[in-house]
Enquirer: 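Dropping the structure in here first, questions after.
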Amino acid sequence: MSAEIRVQEAAFDPGAELSAFTPRAAAAGAGAMVSFTGLVRDLPGAGGLSRMVIEHYPGMTEKALEKIAAEAADRWPLGPVLILHRFGALTGQEPIMMVATASAHRVAAFEAAEFLMDYLKSRAPFWKKEETGDGTRWVAARSEDEDALGRWR
Amino acid sequence: MSAEIRVQEAAFDPGAELSAFTPRAAAAGAGAMVSFTGLVRDLPGAGGLSRMVIEHYPGMTEKALEKIAAEAADRWPLGPVLILHRFGALTGQEPIMMVATASAHRVAAFEAAEFLMDYLKSRAPFWKKEETGDGTRWVAARSEDEDALGRWR
Amino acid sequence: MDILYFAWVRERIGLPKERIETSATTVAELVEELRTREARYAEAFSDLKALRVALDQELSEFDAPLAGVREVAFFPPMTGG
Amino acid sequence: MDILYFAWVRERIGLPKERIETSATTVAELVEELRTREARYAEAFSDLKALRVALDQELSEFDAPLAGVREVAFFPPMTGG
């Protein structure tokens, strides 16, 4: 397993990332690749989302993501792993983050991607703030996200 | 849900497909996109895989894939869905097929992609033949693939 | 009625498609009729558990009736993805 | 010891980082000390269940000892992804 971890302010194109990931997965003998991409939802209706600002904890963020990737590699036989997360100001419909996994078979690639997402949601120090026509608010953590970790214990 | 189903002989780039899929997902209000890509495994060792040939049942293939996509859309609130599968001769490390799903939340996007893959494996009329240094053989169906459908009943 | 063969079934029988006249009323009866034709058919249809059948491009069963069916396809379990 | 604040904790306290001298031996003691400082601290730390703490950039607990710790961070539950 070789993990590529990137925490960046710049926008990215999920397709370009998958194009770069594919030959690395293939060269590692993978038969299955899974990618997950999170997008800023452009909620319709009054006071729709106009902007999202993501704060993070430089230093701890990278350590937390490395740890999550290493734990995934302990549980499943993985080829390359990508974890990419933006911070700063984002507008509607922009990609927020992405993970990609590769393995010999599909179940391992799917499970590892879900594991990375579940841990990233509740254990990596990112905080989202939404700005709408009605004002700004910090996104509240959802108890379902904490509960999702139960699957992996 | 709008499903894009493609059965083609031509090679494709999973990244380019995801680049095209992303704005469609974002425009549909999706916050989560999942993609799965199957690759020809280039098995090392004596008689390694030199070529894969995929046969399919023109007409039935498209119908079966449309039906699987429609069933996924009945089960989860989905944005666009992509199912793309090659036939004909493929060489090592080439992408064989891809599915992509989009939904408001990650669990639906993941589950729908896994559902599409499980049904595609056992219910869409494709057959793989592997050519190695030792000769050619039709890939045998795996009982785990049939068992995987039990999750969705 | 058009009969289609795929993958190793096609290879064993030696052709992808043929048109036949039959009075078989079920898939199983059609298989019995084909088996008596030649050794290559008998061999291809020796183990029905290793085969799948589609009627007019829909997966079906060996005890299904053939009334109104225009296209029957025989093939091994699918291995896409 | 460096104390860092993130998200609404940072906003309520009004600064992202400060250096303090403390004789607190656990996170809980440190929180008590901060609460007595000013109303904005008392408010930020009013409900510990709504807070998380990291010691030297590792998630930790409020009853954890502070011996040897150089950086303490307080923040709400994470909402990445």
Side-chain angles (χ1 to χ4, degrees), chain A residues 5 7 36-41 52-68 83-88 90 95-99 113-130 135-149, chain D residues 1-20 22 26-28 30-31 34 39-81:
Chain A
I5 311 275
V7 181
F36 177 92
T37 306
L39 303 168
V40 180
R41 288 177 65 194
M52 173 179 276
V53 179
I54 298 174
E55 184 169 328
H56 80 117
Y57 183 172
M60 178 171 167
T61 308
E62 292 78 1
K63 279 188 204 171
L65 296 178
E66 300 273 4
K67 193 174 160 188
I68 293 167
I83 304 179
L84 171 51
H85 205 299
R86 292 183 64 189
F87 61 88
L90 284 74
I96 301 169
M97 52 74 59
M98 178 174 183
V99 304
E114 290 170 70
F115 174 92
L116 292 176
M117 284 308 303
D118 285 348
Y119 273 83
L120 192 153
K121 280 259 170 195
S122 306
R123 292 292 182 270
F126 292 101
W127 300 274
K128 289 189 189 122
K129 189 180 195 171
E130 291 177 349
T136 70
R137 63 166 198 117
W138 290 97
V139 172
R142 306 191 320 153
S143 60
E144 303 95 288
D145 287 335
E146 187 66 32
D147 296 346
L149 300 182
Chain D
M1 185 180 281
D2 288 324
I3 317 284
L4 282 68
Y5 309 108
F6 292 97
W8 59 254
V9 183
R10 171 180 57 69
E11 290 180 340
R12 273 188 211 173
I13 289 175
L15 79 177
K17 187 175 179 170
E18 59 186 322
R19 172 158 289 182
I20 66 162
T22 179
T26 66
V27 177
L30 174 63
V31 168
L34 292 168
R40 58 197 167 104
Y41 286 92
E43 198 210 337
F45 288 104
S46 63
D47 179 13
L48 290 194
K49 282 196 294 296
L51 290 182
R52 299 289 179 271
V53 61
L55 302 183
D56 289 333
Q57 307 191 349
E58 290 269 0
L59 270 181
S60 189
E61 304 292 337
F62 284 90
D63 58 2
L66 288 179
V69 170
R70 294 184 305 175
E71 185 172 303
V72 179
F74 294 104
F75 42 77
M78 297 130 164
T79 56

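The chains referred to below are lettered A, B, ... by the order of the sequence lines, with proteins before strands, and numbering in each begins at 1.
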Enquirer: Examine whether an atom of I54(A) lies under 4.5 Å from a heavy atom of chain D, and if so say whether it belongs to the side chain, the backbone or both; otherwise answer neither.
Expert: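 Neither part; nothing is under 4.5 Å.
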Enquirer: Heavy-atom pairs under 4.5 Å with chain A - which of P16(D), A54(D), A7(D), A50(D) has more of them than the others?
Expert: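 When all of P16(D), A54(D), A7(D), A50(D) are compared, A7(D) has the most.
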Enquirer: In the structure I gave you, are the side-chain heavy atoms of M60(A) and E71(D) within less than 4.5 Å of one another anywhere?
Expert: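 Sidechains of E71(D) and M60(A): no contact.
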Enquirer: Can you tell me how far the OH atom of Y57(A) sits from the CZ atom of F6(D), to the nearest 0.5 Å?
Expert: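 The CZ atom of F6(D) is 5.5 Å from OH of Y57(A), to the nearest 0.5 Å.
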Enquirer: Side chain from CB out, backbone as N, CA, C, O: work out which of these in A64(A) comes under 4.5 Å of a heavy atom of chain D, or both, or neither.
Expert: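 Contact with chain D is absent: no heavy atom of A64(A) under 4.5 Å.
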Enquirer: So if I take each residue of residues 72-81 of chain D and look for any heavy atom under 4.5 Å from a heavy atom in chain A, which residues do I end up with?
Expert: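 Listed by number: A73(D), F75(D), P76(D), P77(D), M78(D), T79(D), G80(D), G81(D).
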Enquirer: Sequence neighbours excluded, which residues qualify as ring-ring contact (aromatic ring centres under 6.0 Å, His included) partners of Y41(D)?
Expert: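 In terms of ring-ring contact (aromatic ring centres under 6.0 Å, His included), with neighbours along the sequence ignored, Y41(D) is linked to no residue.
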Enquirer: Which pairs pass salt bridge (Lys or Arg N to Asp or Glu O under 4.0 Å) with one or both residues in residues 52-61 of chain D, sequence neighbours excluded?
Expert: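 Qualifying pairs, neighbours excluded: K67(A)-E58(D).
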Enquirer: Could you tell me which residues in residues 121-128 of chain A have at least one non-hydrogen atom under 4.5 Å from a non-hydrogen atom of chain D, sorted by residue number?
Expert: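 Interface residues of residues 121-128 of chain A: K121(A), S122(A), R123(A), A124(A), P125(A), F126(A), W127(A), K128(A).
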